[in-house]
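Report on the following structure.
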Protein chains: 2
Amino acid sequence: MPEAWESDARTATARPCGAGGCDEKAEMSTPPLPAPTLRRMPAYLRLLRAWEAEGRDTVSCTHLAEALGLDPTLIRKDLQLAGGSGRPKTGYRLAELVPALEAFLGWSHPSEAFVIGAGNLGLALLHYQGFAAHGLSIVAAFDDDARKVGTSSLGKRIFPLAKLADLGQRMGVRLGILCVPEAAAQAVAETCCAAGMRGLWNFTGARLQLPEGTVVEDIDLAQSLALLSHRLSHRQAPHPAASPIGTAP
Amino acid sequence: MPEAWESDARTATARPCGAGGCDEKAEMSTPPLPAPTLRRMPAYLRLLRAWEAEGRDTVSCTHLAEALGLDPTLIRKDLQLAGGSGRPKTGYRLAELVPALEAFLGWSHPSEAFVIGAGNLGLALLHYQGFAAHGLSIVAAFDDDARKVGTSSLGKRIFPLAKLADLGQRMGVRLGILCVPEAAAQAVAETCCAAGMRGLWNFTGARLQLPEGTVVEDIDLAQSLALLSHRLSHRQAPHPAASPIGTAP
DNA sequence: GGTTAATCGGTAATTAATTCTCTATATAGG
DNA sequence: CCTATATAGAGAATTAATTACCGATTAACC
Ligand SMILES: NC(=O)c1ccc[n+]([C@@H]2O[C@H](COP(=O)([O-])OP(=O)(O)OC[C@H]3O[C@@H](n4cnc5c(N)ncnc54)[C@H](O)[C@@H]3O)[C@@H](O)[C@H]2O)c1
Ligand SMILES: NC(=O)c1ccc[n+]([C@@H]2O[C@H](COP(=O)([O-])OP(=O)(O)OC[C@H]3O[C@@H](n4cnc5c(N)ncnc54)[C@H](O)[C@@H]3O)[C@@H](O)[C@H]2O)c1
């Protein structure tokens with residue numbers, strides 16, 4: 001019964017501060033909440049939404065745990081950190097838990113984002129319909145290749161890179177999705193920051209060095225591939241525990 | 001100086017067995033080596049290759065640690081697990097460390113893979129030139145939409161899904177890259193297994209249930225997005241430690 | 001209404017992962 | 001040839017994360 005909960009990403013910021021349960025008590029430096037917890041959230045939310053759509057109105061950690069192949073206690077702790085609250089015997093009310101998780105993740109209303117680099121990957125992301133469910137709305141793409149520019153494909157527009165700063169500031173877009181070649185990544189990232197963006201989703205392999213306060217999340221397929229190919233060639237289990245069940249993320 | 005080393009993926013298998021240092025001692029159930037270690041490997045390898053290309057012939061953990069913003073002892077342990085061996089004062093010989101890491105990851109000679117689902121994402125992966133450096137060679141794509149089939153774009157062919165089993169077995173392809181809609185994922189995954197594939201790189205959000213021994217690696221953008229958007233909306237640091245430097249993955 | 005069964009919420013124990021400390025060694029410089 | 005030094009390597013200590021445990025609470029059932 002194998003399963004693990006790991007992830008190909010690096011997040012970086014500067015100012016520790018209010019966490020999930022950052023309530024009134026105004027405690028200095030709330031403990032930065034564990035990344036593994038955050039990574040499990042989408043799986044919970046996904047399942048909860050599906051069950052809510054089916055008409056259920058409460059759910060227990062036990063049910064979630066069974067469906068996801070995780071430990072119930074782990075889920076309970078996660079939901080607590082996310083601000084959820086349940087009642088004995090019945091569990092959590094979906095009608096309050098789902099919005100709580102969405103708010104916790106910042107998915108209550110979609111963030112607008114720009115894609116930078118309208119190549120293979122950039123266009124795939126630009127055209128992907130599934131981000132709406134994850135609080136993301138890609139509003140435009142940018143590229144420095146004149147041949148890519150202007151092409152309005154599937155209703156999304158591709159602008160010249162030079163317009164990034166202007167449009168970014170005018171539209172108040174705070175999230176940039178980097179899909180440029182790796183060599184250009186650092187420079188483009190700096191442009192994004194200068195344009196007022198506070199978060200970068202970095203699909204290039206580059207390690208970015210940016211001003212404090214900028215949140216960077218790297219998607220590194222090489223990391224994932226390392227696990228896959230190592231285990232494929234060594235025929236090895238990841239953990240002596242856990243199991244893949246249910247649906248999720 | 002923030003940085004973290006986490007990742008959006010789940011790996012699953014069945015038979016624990018020989019790990020990296022699975023040498024002669026034939027110990028029952030070698031400890032399955034830590035996923036975090038595996039995930040750091042590509043970063044090491046990348047940097048080592050670059051330095052080797054620059055003409056360096058030895059490297060120390062200290063150098064790597066500086067370039068990557070990690071702890072030197074951590075790197076030392078990782079390299080040990082990967083089968084590397086160094087010498088005091090000089091460090092590791094690139095000429096032996098690089099091949100050792102490649103062998104460890106199973107990247108010594110490329111694995112052939114099929115992409116299933118020639119949509120936005122599937123085609124982006126199919127056309128990506130960068131996988132060669134990571135021991136991966138995508139040789140063809142499959143789709144059940146007749147309009148996608150046959151199109152030989154950039155020299156890669158797209159076959160009807162029905163040919164998957166036949167071609168997979170004839171070519172001995174052991175790796176499948178799932179880029180179909182989530183609803184189709186489980187069925188397609190089973191087809192892949194039936195076609196003799198032992199590893200699946202799963203880009204759909206689905207949680208797959210497959211026969212023991214199949215290695216599954218999930219790429220779940222929602223997980224990564226959760227970290228990004230939560231931290232963006234709560235302006236929070238991931239750890240009170242670490243820093244992004246160097247180049248990597 | 002009392003009883004039972006299921007669940008949350010908090011605390012403690014376990015386990016995994018990272019960081020620290022120390023020793024031995026091989027190399028470079030004198 | 002000898003010394004000073006940077007480094008690997010092994011193990012201990014720390015830290016983070018997961019899992020186990022225990023009481024309190026609430027709904028359902030008799
Ligand atoms: N395609 C994949 O499957 C895949 C997989 C893993 C990682 N990546 C990474 O994603 C990035 C993009 O990959 P891709 O396959 O889409 O490459 P691509 O070459 O298809 O696209 C890159 C795009 O960026 C544009 N560009 C180049 N320099 C630019 C600049 N300075 N400013 C703005 N735009 C610029 C190019 O015109 C091009 O349209 C790369 O870093 C790659 O390593 C891609
Ligand atoms: N595109 C992205 O940026 C992105 C991002 C995150 C996740 N994903 C996931 O990747 C998967 C593919 O996304 P996409 O944007 O490429 O979708 P898409 O609709 O563009 O492509 C899906 C392709 O799969 C084919 N297909 C459908 N059913 C099939 C079946 N049973 N057998 C074989 N082929 C079949 C379709 O014909 C289509 O060509 C989805 O699960 C999606 O959630 C995509």
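Proteins get letters first, then strands, A, B, ... in listed order; numbering begins at 1 in each.
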What closest approach, in Å, do B:Leu47 and B:Leu64 show between heavy atoms, and which atom pair accounts for it?
CD2-CD2, 3.8 Å
Expressed as a whole number of angstroms, how long is the span from B:Leu68:CG to C:dT19:P?
13 Å
What is the per-nucleotide protein-contact pattern of nucleotides 25-30 of chain D, from the 5' end, where B denotes a base atom under 4.0 Å from a protein heavy atom, S denotes such proximity for sugar-phosphate atoms only, and - denotes neither?
BBB---
Length of the line joining A:His63:NE2 and C:dA5:C1', which is rounded to integer Å
13 Å
Determine the sole option in B:Arg49, B:His134, B:Met41 for which the side-chain contact (heavy atoms from CB on, under 4.5 Å) test with B:Glu102 is passed.
B:Arg49
Looking only at side-chain atoms of B:Pro34, point me to the closest of C:dA17, D:dT7, D:dT18.
C:dA17
To the nearest Å, give me how far apart CG (B:Leu70) and C1' (C:dA17) are.
13 Å
Ring geometry between A:Trp51 and A:His63 (parallel below 30°, tilted from 30 to 60°, perpendicular above 60°):
perpendicular
Closest approach to the side chain of A:Arg76, judged atom by atom: which nucleotide of C:dC8, D:dT19, C:dC20 is it?
C:dC8
Distance-minimising heavy-atom pair for B:Leu38 and A:His230
CD2-CG, 3.5 Å
Which of D:dT19, C:dC20, C:dT18 is nearest the side chain of B:Arg40? It is C:dT18
Could you state the CG-C1' distance from A:Leu79 to C:dG10, rounded to the nearest angstrom?
15 Å
Could you please spell out the steps behind the side chain to side chain donor-acceptor pair (under 3.5 Å) verdict for A:Ser137 and A:Glu112?
CA-CA 5 Å; A:Ser137 166; A:Glu112 297 197 322; 5.0 Å; no
A:Leu208 side chain near A:Glu190 side chain, heavy-atom distance below 4.5 Å:
no
Decide whether B:Glu182 and B:Thr204 meet the rule of one side-chain donor and one side-chain acceptor closer than 3.5 Å.
no
Starting the side chain at C-beta, find the nucleotide from D:dA8, C:dG9, C:dT7 nearest to A:Thr62.
C:dT7
For A:Asp78 and C:dG9, give me the distance from atom CG to atom P, rounded to whole Å.
13 Å
Specify the separation, in whole Å, of atom CG of B:Leu74 and atom P of D:dA8.
13 Å
Kindly indicate whether the side chain of B:Asp218, heavy atoms from C-beta on, has any atom under 4.5 Å from the side chain of B:Leu200.
no
Of the listed nucleotides (C:dT18, C:dG9, D:dC21), which one gets closest to any side-chain atom of A:Thr73?
D:dC21
Is any side-chain nitrogen or oxygen of A:Gln80 closer than 4.0 Å to OP1 or OP2 of C:dC8?
no
Which residues in residues 91-100 of chain B have a heavy atom closer than 4.0 Å to any atom of DNA chain D?
B:Gly91, B:Tyr92
At under 4.0 Å between heavy atoms, what does B:Ser85 touch on the DNA or RNA strands: base, sugar-phosphate, or nothing?
sugar-phosphate
Do you know the tightest heavy-atom contact between B:Tyr92 and B:Gly84?
CE2-C, 4.2 Å
What's the CG-P distance between A:Leu33 and D:dA16, to the nearest Å?
13 Å
In whole Å, what is the span from the CG atom of A:Leu81 to the P atom of D:dA17?
11 Å
Donor-acceptor pair, A:Ser233 side chain versus A:Ser229 backbone, under 3.5 Å?
yes
To check you understand the geometry: which heavy-atom pair defines the closest contact between B:Trp107 and B:Ala133, and what is its length?
CE3-O, 3.9 Å
Passing option when B:Arg40 is tested against B:Leu45, B:Leu74, B:Leu79 for side-chain contact (heavy atoms from CB on, under 4.5 Å)
B:Leu74
Are there any protein N/O atoms within less than 3.5 Å of an N/O atom in nucleotides 12-15 of chain D, and if so, which ones and at what distance?
none

